[in-house]
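To start, the structure itself, in structure tokens.
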Amino acid sequence: MELTLTQPDDWHLHLRDGDLLQAVAPHSAKHFGRAIIMPNLKPPITTTAAAVTYRESILKALPADSNFTPLMTLYLTDKTSPNEIKLARRSGVVFAVKLYPAGATTNSQDGVTDLFGKCLPVLEEMVEESMPLLVHGEVTDPDVDVFDREKVFIDTVLQPLIQRLPRLKVVMEHITTMDAVRFVESGEEGFLAATVTPQHLILNRNALFQGGLQPHNYCLPVLKRETHRQAIVSAVTSGSKRFFLGTDSAPHEKQRKECSCGCAGIFNAPVALSLYAKVFEEAGALDKLEAFTSFNGPEFYGLPRNTAKIKLTKASWKIPDSLSFSFGNIIPMFAGETLEWQPCVGEKAEMLNEVQEVGANKG
């Protein structure tokens, strides 16, 4: 059994920089045509000029035969200017602006402290330029329970934002709750959407503690109850155009995960497509997989679909226990486990096409 899909895009990806960028970029480029690149580096990518420089670094890290296209983003701060949004739109390489509430996740300390008080002119310019706002949807108030932070953010920030600027294109990133599903479904199609990760489709919060503390299942937003996972699966496999693929693949070196204060982030780039296929197959919705992986995202961003194809074959393959690099090891999601769908790209996919055509001709 095999599936042929229009080559997917990843609408939420962390590639890091330096040695880590060199290590992980080929894994995403192997399966995805394009990716929205997160800007939370040190220092963050806050200007168009910095985005252009970062893009050049990414392109240098790719294999020589890669056609992967990084779609850059700016890191919104209290000091971002409306003119920077104009520059970003005219650059042709910046496709969105990322909102990190200060302190919400990795390298978010420079994020927004007062969205309506300090960023409203920028948001208004984004409406004029049709520049999407990508939102890490969690409040950072320490008095709010970590499992409630998404819902509270929707009620106190996102709902007022949509009411105030209804023509602002907003993507609620890596949604984790049924509250987020309902919120996205309540908005106007084409102006409010969500990305969904493999981990939030497959794992619930029990995965953090089963058999001991599991640091490689720790991400932000944190995994939630099983009822929330089921709600997200139902939304994604329904065929709705409001939801699309965003892996939130976020690599860290092994020692930074397995320590007394481990980093948040799951490196899923090598396994993401296999896991998405697993979810859709178990839901009896493989016919809706291609729209989620390859159509809904480009449509929201106003970009053409990819023309290349990718094949997923029903063949067991084992995920490596670890990926070794000069600087250390990275542990991929579901390390050491066996998956049932295997992506084939490039020459392998072409060979499969040829075999399929020969078989059809013989028949």
Side-chain angles (χ1 to χ4, degrees), residues 11-12 36-55 70-141 144 149-150 152-175 180 183-184 186-195 242 246 300-303:
W11 299 98
H12 186 116
I36 286 282
I37 309 301
M38 292 297 108
N40 56 329
L41 305 184
K42 285 185 176 180
I45 305 300
T46 58
T47 67
T48 302
V52 169
T53 300
Y54 183 29
R55 182 178 184 272
L71 309 176
M72 310 309 294
T73 62
L74 298 187
Y75 184 116
L76 184 64
T77 74
D78 292 344
K79 298 180 180 179
T80 303
S81 71
N83 188 57
E84 193 64 56
I85 303 303
K86 292 179 181 177
L87 291 173
R89 176 52 78 197
R90 286 154 180 70
S91 72
V93 302
V94 176
F95 289 83
V97 175
K98 182 65 185 288
L99 166 61
Y100 291 103
T105 189
T106 303
N107 296 342
S108 62
Q109 61 271 18
D110 297 306
V112 171
T113 63
D114 183 358
L115 183 65
F116 295 107
K118 297 182 178 179
C119 299
L120 191 57
V122 171
L123 297 173
E124 290 171 340
E125 186 61 36
M126 289 173 64
V127 173
E128 292 298 316
E129 297 289 347
S130 194
M131 177 75 76
L133 178 69
L134 315 183
V135 178
H136 182 112
E138 293 187 290
V139 296
T140 55
D141 184 342
V144 177
R149 290 180 178 180
E150 187 168 277
V152 173
F153 188 89
I154 292 169
D155 294 341
T156 62
V157 179
L158 273 184
Q159 195 70 58
L161 175 63
I162 298 299
Q163 290 174 351
R164 189 157 187 172
L165 296 171
R167 310 317 285 174
L168 177 66
K169 292 175 74 74
V170 175
V171 179
M172 192 172 183
E173 302 284 359
H174 42 52
I175 62 169
F183 174 70
V184 171
S186 73
E188 183 177 347
E189 190 172 289
F191 286 92
L192 181 60
T195 57
R242 301 169 190 268
F300 183 86
Y301 277 87
L303 295 173

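The figures here come from the full heavy-atom set of this structure, side chains too, leaving out hydrogens, waters and symmetry mates.
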Trace of the side-chain contact (heavy atoms from CB on, under 4.5 Å) decision for Y75 with L41: CA-CA 9 Å; Y75 184 116; L41 305 184; over 6 Å; no
Quick one: are [X] and [Y] in side-chain contact, heavy atoms under 4.5 Å?
{"X": "L71", "Y": "L303", "answer": "yes"}
{"X": "L165", "Y": "L120", "answer": "yes"}
{"X": "T46", "Y": "T80", "answer": "no"}
{"X": "T156", "Y": "V139", "answer": "yes"}
{"X": "I154", "Y": "M172", "answer": "yes"}
{"X": "I36", "Y": "H12", "answer": "no"}

Do you know the tightest heavy-atom contact between [X] and [Y]?
{"X": "M131", "Y": "A88", "result": "CE-CB, 3.9 Å"}
{"X": "Y54", "Y": "I37", "result": "CE2-CG2, 3.6 Å"}
{"X": "A102", "Y": "G111", "result": "CB-O, 3.7 Å"}
{"X": "D155", "Y": "P160", "result": "O-CD, 3.6 Å"}
{"X": "T195", "Y": "E173", "result": "OG1-OE1, 2.6 Å"}
{"X": "L168", "Y": "M126", "result": "CD1-CB, 4.0 Å"}

Listed by chain and number, what are the side chain to side chain contact (heavy atoms under 4.5 Å, CB included) partners of Q163, not counting sequence neighbours?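 Partners of Q163 under the side chain to side chain contact (heavy atoms under 4.5 Å, CB included) test: Q159.
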Which residues share a side chain to side chain contact (heavy atoms under 4.5 Å, CB included) with T47, sequence neighbours left out: A49, A50, E84
Would you find a donor on one side and an acceptor on the other, under 3.5 Å apart, between the side chain of K169 and the backbone of A96? no
So does L76 get a backbone contact from the side chain of Y100, meaning a donor-acceptor N/O pair under 3.5 Å?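 Checked: no pair found.
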Kindly determine whether V152 and R149 satisfy side-chain contact (heavy atoms from CB on, under 4.5 Å), including the steps that lead there. CA-CA 5 Å; V152 173; R149 290 180 178 180; 5.8 Å; no
Of all residues at least two apart in sequence or in a different chain, which pass the ring pair (Phe, Tyr, Trp, His ring centres under 6.0 Å) check with [X]?
{"X": "F95", "value": "none"}
{"X": "H136", "value": "H174"}
{"X": "Y301", "value": "W11"}

Can you measure from [atom1] ([X]) to [atom2] ([Y]) and round to the nearest 0.5 angstrom?
{"X": "T48", "Y": "L74", "atom1": "OG1", "atom2": "CG", "value": "5.0 Å"}
{"X": "F300", "Y": "L192", "atom1": "CZ", "atom2": "CG", "value": "7.0 Å"}
{"X": "S186", "Y": "R242", "atom1": "OG", "atom2": "CZ", "value": "8.0 Å"}
{"X": "I162", "Y": "R167", "atom1": "CD1", "atom2": "CZ", "value": "10.5 Å"}

Assess whether side-chain contact (heavy atoms from CB on, under 4.5 Å) is satisfied between L161 and F116, documenting all intermediate values. CA-CA 8 Å; L161 175 63; F116 295 107; 4.0 Å; yes
Chi angles and distances behind the side-chain contact (heavy atoms from CB on, under 4.5 Å) call for L133, V171: CA-CA 6 Å; L133 178 69; V171 179; over 6 Å; no
Scan residues 116-130 for pairs that pass side-chain hydrogen bond (donor to acceptor under 3.5 Å, both in side chains), counting only residues two or more places apart or in two chains.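 Counting only pairs at least two positions apart or across chains, the side-chain hydrogen bond (donor to acceptor under 3.5 Å, both in side chains) contacts touching residues 116-130 are R90-E129.
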